[in-house]
Protein chains: 2
Amino acid sequence: MISKKCKYAIHALVHMGKNPEEKFLIKDISEACNIPKKFLEAILLDLKRAGMLGSKQGKGGGYFLRRDTEDINLAEVVRLFDGAIAAVPCATHKFYEPCQECEDEETCSVRDAFLQVRNATVEMLKNDTIAGLVKKEAKLKTRKKR
Amino acid sequence: MISKKCKYAIHALVHMGKNPEEKFLIKDISEACNIPKKFLEAILLDLKRAGMLGSKQGKGGGYFLRRDTEDINLAEVVRLFDGAIAAVPCATHKFYEPCQECEDEETCSVRDAFLQVRNATVEMLKNDTIAGLVKKEAKLKTRKKR
DNA sequence: CCAAAACCCCATAGAATAAATAGGATAATC
DNA sequence: GATTATCCTATTTATTCTATGGGGTTTTGG
């Protein structure tokens, strides 16, 4: 399970991705996406620090997308908020931690199994860009109308 | 990330799967797999209640496999200890929970994306049987020797 | 029968993490 | 300079995870 923070972040990005040129107020995103305002504030700040968003303070300010939405993918967002994508700490590159229970990691079939799941998952999440999600949502909506 | 409890359970099952007819003492599994004894006790009890293991009390007793190791897969074990496999509560069948943030779940592209990841993951974990892991470990060990 | 061996079971402590909120500081506009 | 809006730190609250403690029950074997 990813954290709510991460899920909120993705929803916010998708929301903004629908109008990539617009400037958004925290309050508006909060209401549109049903995210607690103060919580969202911290999330947007994280996204800004990560370089995905830019912001402008004061009256007439707000948050805006800094990168192309085709360039931001879910793997990156999940890693930013929740760290490793792998199901076990010994099956990840960037957040690797050894496990005490198996003597030899190289021959541990449990690790091997979860490593394969991880690789497949990362591959899928990398292909899920914000732009892709925006498009997909539009498609799902028109499909439903019929 | 799966819980340590779940990871321990898998390791214990793989250990037992190497000698599927044997009766195992908690203490021996604990030492062989580096799992805190008391913690393991609770885990084995859970596995017993789930029908995967049997046990015999008293002197000469112990835990033993009740089902064919080719029949026990990681999806089942993970679900037993950690619940849903999906990364978001709205993308799971058995542990489904709606999310407040999206008005229409059917057209939510975030859910759609994680649903696909879930399906792929479940498929992979279902193919990872305890017997399969035991075999794999043997293979990895001989490969390393060379 | 009884003592040792081994699982059974409940309860809880301790730590870490997640989720949310509080309260003010800073910046920009009009 | 009042208003709007982001920026920042800290704290609270709740929950879950991990681990352990301390008996209770069953079975065997002498």
Side-chain angles (χ1 to χ4, degrees), chain A residues 1-12 16 22-31 33-50 52-66 78 80-84 87-89 95 97 99-101, chain B residues 1-12 16 22-31 33-50 52-66 78 80-84 87-89 95 97 99-101:
Chain A
M1 288 279 171
I2 61 172
S3 65
K4 278 198 175 187
K5 196 171 184 181
C6 182
K7 197 179 165 199
Y8 287 157
I10 296 168
H11 275 290
M16 295 176 80
E22 206 177 313
K23 231 182 304 171
F24 294 87
L25 299 184
I26 299 178
K27 184 170 155 286
D28 292 343
I29 302 175
S30 161
E31 283 169 9
C33 299
N34 284 302
I35 304 172
K37 197 185 153 205
K38 267 296 192 180
F39 200 11
L40 178 62
E41 196 182 309
I43 291 165
L44 296 177
L45 219 42
D46 284 342
L47 288 171
K48 186 197 166 187
R49 292 201 182 105
M52 295 183 200
L53 299 183
S55 68
K56 199 187 166 206
Q57 284 189 214
K59 202 169 188 174
Y63 280 96
F64 51 89
L65 284 160
R66 187 145 229 168
V78 171
L80 177 62
F81 287 95
D82 292 356
V88 287
F95 300 88
E97 269 179 65
C99 49
Q100 315 88 2
E101 62 265 30
Chain B
M1 287 278 169
I2 61 172
S3 65
K4 278 200 175 186
K5 196 171 182 180
C6 183
K7 198 177 164 201
Y8 286 157
I10 295 167
H11 275 290
M16 294 175 80
E22 206 177 313
K23 232 182 302 171
F24 293 87
L25 299 186
I26 299 178
K27 184 170 155 289
D28 291 342
I29 302 175
S30 162
E31 284 168 8
C33 299
N34 283 303
I35 304 170
K37 198 184 153 205
K38 266 295 190 180
F39 201 11
L40 179 61
E41 195 182 309
I43 291 165
L44 295 177
L45 220 42
D46 285 341
L47 288 171
K48 185 196 167 186
R49 292 201 183 104
M52 295 183 200
L53 299 183
S55 67
K56 200 184 165 209
Q57 285 188 216
K59 200 169 190 173
Y63 280 97
F64 51 89
L65 284 160
R66 187 145 228 167
V78 171
L80 177 63
F81 287 95
D82 292 356
V88 288
F95 298 89
E97 267 179 66
C99 46
Q100 313 90 2
E101 62 266 29

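All chains are named by letter (A, B, ...) in the order of the sequence lines, taking the proteins before the strands, and each is independently numbered beginning at 1. Worth saying up front: this structure is predicted, and the values here are computed from it rather than measured.
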Quiz item: Which part of the nucleic acid, if any, lies within contact of F81(A), taking any heavy atom under 4.0 Å across all strands shown: a base, the sugar-phosphate backbone alone, or nothing?
Solution: nothing
Self-check item: Distance in angstrom units between L25(B) CG and dC8(C) C1', rounded
Solution: 15 Å
Practice problem: On DNA chain D, reading 5' to 3', which nucleotide is the first and which the last to sit with an atom under 4.0 Å from a heavy atom of chain A, could you check? | Solution: dT4(D) to dC8(D)
Exercise. Please identify each residue that fulfils ring pair (Phe, Tyr, Trp, His ring centres under 6.0 Å) with Y8(B), with sequence neighbours left out.
Key: F39(B)
Practice problem: Apply salt bridge (Lys or Arg N to Asp or Glu O under 4.0 Å) to K5(B) and list each qualifying residue two or more places apart in sequence or on a separate chain. | Solution: D46(B)
Quiz prompt | Results of side chain to side chain contact (heavy atoms under 4.5 Å, CB included) for A9(B) - residues two or more places apart only | solution = I43(B), L47(B), V77(B), F81(B)
Quiz prompt | Pairwise distance CG(L40(B)) to CZ(F24(B)) - rounded to 0.5 angstrom | solution = 12.0 Å
Quiz item: Residues two or more places apart in sequence or in another chain: which of them pass side chain to side chain contact (heavy atoms under 4.5 Å, CB included) with K59(A)?
Solution: none
Quiz item: Of all residues at least two apart in sequence or in a different chain, which pass the side chain to side chain contact (heavy atoms under 4.5 Å, CB included) check with A84(A)?
Solution: T92(A), F95(A), M1(B)
Exercise. Let me know the distance between CG of D46(B) and P of dC9(C), rounded to the nearest Å.
Key: 11 Å
Quiz item: Using Watson-Crick and G-U wobble pairs whose two distances are both under 3.5 Å, how do you write the pairing of DNA chain C as dot-bracket, with | for links to another strand?
Solution: ||||||||||||||||||||||||||||||
Practice problem: Just jot down the side chain to side chain donor-acceptor pair (under 3.5 Å) partners of S55(A), sequence neighbours excluded, or say none. | Solution: K48(A)
Exercise. For each nucleotide in nucleotides 19-30 of chain C, reading 5' to 3', give B when a protein heavy atom comes within less than 4.0 Å of its base, S when such contact involves only the sugar-phosphate, and - otherwise.
Key: SSBBB--BBBB-
Exercise. Report the residues that fulfil salt bridge (Lys or Arg N to Asp or Glu O under 4.0 Å) with K38(B), sequence neighbours left out, ordered by chain and then residue number.
Key: E41(B)
Quiz item: Which is true for L44(A) with a 4.0 Å heavy-atom rule: it touches a base, it touches only sugar-phosphate, or it touches nothing?
Solution: nothing
Quiz prompt | All side chain to side chain contact (heavy atoms under 4.5 Å, CB included) counterparts of L25(B), not counting sequence neighbours | solution = D28(B)
Quiz item: K27(A): what forms a salt bridge (Lys or Arg N to Asp or Glu O under 4.0 Å) with it, not counting sequence neighbours?
Solution: E31(A)
Exercise. Measure from CZ on R49(B) to C1' on dC10(C) and round the result to the nearest Å.
Key: 10 Å
Quiz prompt | Euclidean distance, Y63(B) OH relative to I26(B) CD1, rounded to 0.5 Å | solution = 5.0 Å
